[in-house]
Amino acid sequence: MPLNRLATLPLALVVWSLLVASSGLAAPVSLLRAIYTVPTPPTAVAVTSVTAVGVQLTNTGDEAWTASGANPVNLTYHWYDAAGTTFVVWDGVRTPLGADVAPQGQRAVNANVTAPSTPGTYTLRFALVKEGVAWFAPSEPRTITVQPATYTATYAVTNAPASVPAAGTVQVAVALTNTGNQTWNVSGANLVNLTYHWYDAAGTTAVVWDGVRTPLGADVAPQAQRTVTANVVAPSAPGTYVLKLALVKEGVRWFAPSVPMTVNALAAYVAQITAPALPVFVAGGTSVSRRVAGQRGVDLVPGAVGA
């Protein structure tokens, strides 16, 4: 109420008006407050990895949290430095609540937390935000180690080839296990593919380094396994070679390869002709007929013998 109007009112009414303006009788202010309970907080994550962290939220304010419509309430997080004083990431990835939460209500949410891109020690705090209106007070700090990215794998080959036609293609089934801390992505930038290297017989000199790529077909999370059939093209020159399967994150790095496999690359047309013993003496002008192994007009595959 303007002061010039108050001057015309009785003293008792002036005092009452001032008390109303400064007391709980005035329009109440909504409170946005929460308790964050993290039953199993992570202690270490990999750089740029996305980790699902379970958070139990309790609405301790007097305003319902709306999960949709204008100004929804979402769960997110802040990353700070090791001391917990300097922001590294303020606007974390949003995780929807999935349903409205009334005052004194609770809601369990799996927050998707993306780690910083640089290894080190950081402080993580969860925070609710009423989009476009206000941030809630954050959770208690959590100290988390962000580890360097590792790209490692095990290769279990079920049908290692002993031989293959030179320049021919052989299919090799291999069970791949992701023993690193990064998901192998099959879409987007820097895909992870399965390929191979060919070495000489001693296994020391690379004959073919960039083999044909075989897509994985689906993302492979850390500790997960995926069986893939690799299309392997043999060297064009006949001989003995060493084959190693290898994963590659395109444009980033090669994985350590599989154990070596010795493979013979066979010439395209190879046959062994076997005949009975020839006579010791043959008169001049005399013809001798002998049956040899093999059949005229029949294709022989490498290693086969005709009769």
Side-chain angles (χ1 to χ4, degrees), residues 46 147-186 189-275 292-294 298-306:
Q147 301 172 333
T150 57
Y151 295 93
T152 56
T154 61
Y155 309 78
V157 179
T158 58
N159 63 334
S163 62
V164 60
T169 300
V170 62
Q171 292 187 323
V172 181
V174 53
L176 303 166
T177 301
N178 184 346
T179 57
N181 60 20
Q182 299 292 295
T183 297
W184 302 343
N185 60 303
V186 298
N190 308 117
L191 310 183
V192 175
N193 289 315
L194 178 62
T195 182
Y196 53 86
H197 312 308
W198 284 106
Y199 299 82
D200 61 7
T204 55
T205 303
V207 177
V208 175
W209 181 260
D210 272 298
V212 174
R213 267 49 170 178
T214 299
L216 301 184
D219 290 351
V220 183
Q223 308 311 312
Q225 189 179 82
R226 178 129 183 112
T227 298
V228 178
T229 300
N231 294 309
V232 178
V233 178
S236 57
T240 300
Y241 298 90
V242 171
L243 171 65
K244 291 184 180 182
L245 300 176
L247 288 157
V248 58
K249 186 167 179 63
E250 304 291 356
V252 177
R253 62 180 300 163
W254 287 90
F255 290 55
S258 70
V259 297
M261 295 167 277
T262 300
V263 181
N264 292 315
L266 304 177
Y269 298 98
V270 177
Q272 180 179 358
I273 299 176
T274 304
V292 299
V298 176
D299 293 336
L300 298 181
V301 300
V305 175

Participant: Side chain to side chain donor-acceptor pair (under 3.5 Å): which pairs involve residues 231-244, sequence neighbours left out?
Facilitator: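 Pairs touching residues 231-244 that pass the test: Q171-N231, T240-N264.
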Participant: Rounded to the nearest 0.5 Å, how far does CG of N181 lie from OG1 of T152?
Facilitator: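 Taking OG1 in T152 and CG in N181, the distance rounds to 8.0 Å.
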Participant: Indicate yes or no: at least one non-hydrogen side-chain atom of Y196 is less than 4.5 angstrom from one of L243.
Facilitator: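 With C-beta onward as the side chain, the pair touches.
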Participant: Run the numbers on L194 and L216 for side-chain contact (heavy atoms from CB on, under 4.5 Å), then give the verdict.
Facilitator: CA-CA 7 Å; L194 178 62; L216 301 184; 4.2 Å; yes
Participant: Got a second to check how far D219's CG is from N178's CG, nearest 0.5 Å?
Facilitator: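 Rounded to the nearest 0.5 Å, the CG-CG separation comes to 10.5 Å.
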Participant: State, to 0.1 Å, how close A166 and P238 come at their nearest heavy-atom pair, and which atoms those are.
Facilitator: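 Looking at all heavy atoms of both residues, the shortest contact is CB-N, 4.1 Å.
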Participant: Between T227 and V174, is there a side-chain heavy-atom distance shorter than 4.5 Å?
Facilitator: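 The answer is no, as the side chains (C-beta and beyond) never meet within the 4.5 Å cut-off.
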Participant: Evaluate V157 against M261 for side-chain contact (heavy atoms from CB on, under 4.5 Å), listing each step before the verdict.
Facilitator: CA-CA 10 Å; V157 179; M261 295 167 277; 4.1 Å; yes
Participant: Between G180 and P222, what is the shortest heavy-atom contact and its length?
Facilitator: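 That closest heavy-atom pairing would be O-CB, 3.4 Å.
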Participant: So do the side chains of N159 and V172 get within less than 4.5 Å of each other, counting heavy atoms only?
Facilitator: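 SC-SC contact between N159 and V172 confirmed.
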Participant: How many angstroms lie between OG1 in T179 and CD in Q225, if you round to the nearest 0.5 Å?
Facilitator: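 Going from the OG1 atom of T179 to the CD atom of Q225 covers 11.5 Å.
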Participant: Pairs of donor and acceptor atoms involving the side chains of residues 197-204, under 3.5 Å and at least two apart or interchain, shall be tabulated with distances.
Facilitator:
from : atom 1 : to   : atom 2 : distance (Å)
H197 : ND1    : W209 : O      : 2.8
W198 : NE1    : V233 : O      : 2.8
D200 : OD1    : A202 : N      : 3.3
D200 : OD1    : G203 : N      : 2.9
D200 : OD1    : T204 : N      : 3.1
D200 : OD1    : T205 : N      : 3.3
D200 : OD2    : T205 : OG1    : 3.4

Participant: Which heavy atom of A237 sits nearest to which heavy atom of A265, and what is that distance?
Facilitator: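 Heavy atoms of A237 and A265 come nearest at O-CB, 4.0 Å.
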Participant: Between the side chain of R226 and the main-chain N/O of A224, is any donor-acceptor distance below 3.5 Å?
Facilitator: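 Here the side-chain-to-backbone pair does not exist.
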Participant: Under 3.5 Å, side chain of N190 to main-chain N/O of K249, donor-acceptor pair present?
Facilitator: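 No; zero donor-acceptor contacts below 3.5 Å.
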Participant: Decide yes or no on side-chain contact (heavy atoms from CB on, under 4.5 Å) for V220 and L176, but give the supporting numbers first.
Facilitator: CA-CA 9 Å; V220 183; L176 303 166; over 6 Å; no
Participant: May I have the step-by-step check of side-chain contact (heavy atoms from CB on, under 4.5 Å) for N185 and V192, ending in yes or no?
Facilitator: CA-CA 6 Å; N185 60 303; V192 175; 4.0 Å; yes
Participant: For R213, is there any backbone N or O sitting under 3.5 Å from a side-chain donor or acceptor partner on N193?
Facilitator: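 Between the backbone of R213 and the side chain of N193 there is no qualifying donor-acceptor contact (under 3.5 Å).
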Participant: Could you tell me which non-hydrogen atom of L247 sits nearest to which non-hydrogen atom of W184, and how far apart they are?
Facilitator: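 Heavy-atom minimum between the residues: CD1-CH2, 3.6 Å.
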Participant: Tell me if a side-chain donor or acceptor on S258 pairs with a main-chain N or O of L245 at a distance below 3.5 Å.
Facilitator: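 Checking the backbone N and O of L245 against the side chain of S258, a donor-acceptor pair under 3.5 Å is found.
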